[in-house]
2 protein chains.
Amino acid sequence: MEEIKTNFEDITSRLKNNNIRLSHQRLKVLEFLHRNRIHPTVEQIYHGLIDEIPTLSKTTIYNTLNALTEAGLVKILNIEENEARYDIETDEHGHFKCKVCGNIYDFKVNMDSLEIKGLDGFKILTKDMYFSGICAKCVE
Amino acid sequence: MEEIKTNFEDITSRLKNNNIRLSHQRLKVLEFLHRNRIHPTVEQIYHGLIDEIPTLSKTTIYNTLNALTEAGLVKILNIEENEARYDIETDEHGHFKCKVCGNIYDFKVNMDSLEIKGLDGFKILTKDMYFSGICAKCVE
DNA sequence: AATAAAGTTGTAATGATTACAAGTTATAAA
DNA sequence: TTTATAACTTGTAATCATTACAACTTTATT
Ligand SMILES: [Mn+2]
Ligand SMILES: [Mn+2]
Ligand SMILES: [Zn+2]
Ligand SMILES: [Zn+2]
């Protein structure tokens with residue numbers, strides 16, 4: 001809640017630039033993403049909010065997430081084969097999926113440190129890094 | 001064709017280890033992947049082979065690709081949101097998707113050069129790197 | 001040749017996402 | 001404050017990649 005208030009002007013101004021209104025449903029989706037740093041699926045967001053907003057539709061969640069993504073407030077993760085996940089943290093970082101517990105972890109990465117060859121003349125706009133394996137808890 | 005013959009013993013032995021027979025259809029799928037280094041979709045493989053094998057079924061292509069993936073001969077790319085792509089090159093390398101022409105390019109990457117923080121105690125098994133932007137041809 | 005295991009194929013089912021249309025809400029002008 | 005308009009929400013239907021399944025065919029082994 002604090003964080004949302006802190007960045008509130010930032011969020012609203014960015015939304016206004018894209019002609020996007022901060023509706024009740026959208027605010028709740030944003031809040032959910034802020035409070036649940038688990039890179040949730042649409043299904044998880046839906047079940048997390050349906051008690052608070054009994055009329056909520058999954059279509060609204062999809063619309064919201066697409067709008068927020070276009071506004072640059074949310075990032076879509078395609079780390080799963082069949083289902084998208086959503087990240088409120090838009091700063092550059094990597095993702096690790098544990099094959100055992102299924103959790104998706106963030107990790108810090110210095111992209112500039114990466115030695116690559118074969119992209120001379122290419123204009124790189126996005127960099128996504130998906131690791132998988134076994135997390136520290138599940139390794140034990 | 002040369003490459004397939006060159007690695008033939010390697011392929012067959014790896015398949016035998018997994019109790020996978022190298023059927024006519026599977027050989028053709030492998031050949032297609034060797035000759036068309038475009039990280040094709042199932043749809044592209046299907047259309048590329050249907051004239052040669054008029055009875056070919058998409059289910060067979062899915063089965064084949066899943067079997068080859070389990071045997072370690074093929075890698076699945078989840079660089080697209082909605083459709084999987086398949087790569088005959090299993091050595092570690094990165095992928096770049098051009099937003100203009102849609103082509104997917106390989107690039108060399110030294111994963112060991114990457115500075116990461118936050119995965120202490122994690123057992124990393126796979127590393128995927130997906131870039132997007134505009135390729136050199138489309139930049140002009 | 002007989003048997004069993006593996007492979008192929010067509011069809012149906014699954015499931016995430018999008019399309020669409022009707023009704024609702026918020027914004028801004030009058 | 002009313003009014004007009006654009007944006008938003010919602011339920012339902014459509015789309016489309018992938019998988020499940022069952023019948024049939026091929027291959028390997030005895
Ligand atoms: Mn993240
Ligand atoms: Mn590749
Ligand atoms: Zn784990
Ligand atoms: Zn291009």
Side-chain angles (χ1 to χ4, degrees), chain A residues 11-32 39-47 49-71 73-86 102, chain B residues 11-32 39-71 73-86 102 104:
Chain A
I11 290 175
T12 46
S13 72
R14 222 187 289 210
L15 291 176
K16 265 184 188 152
N17 286 350
N18 293 53
N19 259 7
I20 297 174
R21 292 176 188 161
L22 188 56
S23 66
H24 179 60
Q25 287 86 344
R26 286 175 180 170
L27 182 61
K28 289 296 180 188
V29 169
L30 275 172
E31 271 184 29
F32 185 88
H39 312 94
T41 64
V42 165
E43 192 70 22
Q44 288 175 312
I45 299 172
Y46 180 77
H47 279 113
L49 295 179
I50 189 61
D51 287 339
E52 247 185 308
I53 317 171
T55 62
L56 184 63
S57 164
K58 268 186 200 170
T59 300
T60 297
I61 300 179
Y62 279 107
N63 289 341
T64 294
L65 291 169
N66 289 338
L68 296 176
T69 300
E70 272 182 57
L73 291 170
V74 165
K75 246 193 81 60
I76 301 180
L77 303 190
N78 290 315
I79 195 171
E80 308 263 12
E81 324 71 40
N82 60 328
E83 207 174 0
R85 290 178 166 273
Y86 296 88
Chain B
I11 290 175
T12 46
S13 72
R14 221 187 291 207
L15 291 177
K16 263 183 190 152
N17 285 351
N18 293 54
N19 257 8
I20 298 174
R21 293 177 190 162
L22 188 55
S23 66
H24 180 60
Q25 287 86 342
R26 287 174 180 169
L27 183 60
K28 289 297 180 187
V29 169
L30 274 172
E31 270 183 28
F32 185 89
H39 312 92
T41 65
V42 165
E43 190 70 22
Q44 288 175 312
I45 298 172
Y46 179 78
H47 279 113
L49 296 179
I50 190 61
D51 287 340
E52 246 185 309
I53 317 171
T55 62
L56 184 62
S57 163
K58 269 185 201 170
T59 299
T60 297
I61 299 179
Y62 278 107
N63 288 343
T64 294
L65 291 169
N66 288 339
L68 295 177
T69 299
E70 272 184 55
L73 290 170
V74 165
K75 247 194 77 62
I76 300 179
L77 304 189
N78 290 315
I79 194 171
E80 308 262 12
E81 325 71 39
N82 61 327
E83 207 173 358
R85 291 179 165 273
Y86 296 87
I104 293 174

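A, B, ... follow the sequence lines: proteins, then strands. Residue 1 opens every chain.
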Quick one: [X] [atom1] to [N] [atom2], roughly how many Å, whole number?
| X | N | atom1 | atom2 | value |
| --- | --- | --- | --- | --- |
| A/Leu27 | D/dT9 | CG | P | 11 Å |
| B/Asn78 | D/dA17 | CG | P | 15 Å |
| A/Lys28 | D/dT9 | NZ | C1' | 17 Å |
| A/Gln44 | C/dT17 | CD | P | 12 Å |
| B/Leu15 | D/dA28 | CG | P | 13 Å |

Contact string for nucleotides 3-16 of chain C, one letter per nucleotide 5' to 3', B = base within protein heavy-atom range under 4.0 Å, S = sugar-phosphate only, - = neither, reads --BSSSBBB----S
- At how many degrees, to 10°, do the end axes of the helix from C/dA1-D/dT30 to C/dA30-D/dT1 meet when each uses five pairs?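 Answer rounded to 10°: the end axes differ by 30°.
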- Task: Write down the atom of A/Val42, the atom of A/Leu65, and the distance for their closest heavy-atom approach.
- Result: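 Smallest heavy-atom distance, with atoms named: CG2-CD1, 3.9 Å.
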**Study point:** Nearest heavy atoms of A/Ala71 and A/Ile20, plus distance in Å
**Key:**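 For A/Ala71 and A/Ile20, the tightest heavy-atom pair comes out as CB-CD1, 4.1 Å.
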Checklist entry - Do A/Glu31 and A/Leu49 touch side chain to side chain, with heavy atoms closer than 4.5 Å? => result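 Not touching, per the 4.5 Å side-chain cut-off.
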Flag side-chain contact, heavy atom, 4.5 Å: A/Leu15 against A/Leu68:
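Side-chain contact under 4.5 Å: yes.
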### Query
Do the side chain of B/Gln44 and the main chain of B/Thr41 share a donor and acceptor less than 3.5 angstrom apart?
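Such a contact is found between B/Gln44 side chain and B/Thr41 backbone.
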Q.
Checking the side chain of A/Arg85 only, and the main-chain atoms of A/His39 only, is there a donor and an acceptor separated by less than 3.5 Å?
A.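 Looks like yes, one N/O pair under 3.5 Å.
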Name of the residue among B/Ile61, B/Leu27, B/Ile45 meeting side chain to side chain contact (heavy atoms under 4.5 Å, CB included) with B/Phe32
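For B/Phe32, the side chain to side chain contact (heavy atoms under 4.5 Å, CB included) check succeeds only for B/Ile45.
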B/Glu83 atom CD: more than 12 heavy-atom contacts under 6.0 Å
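Yes, enclosed.
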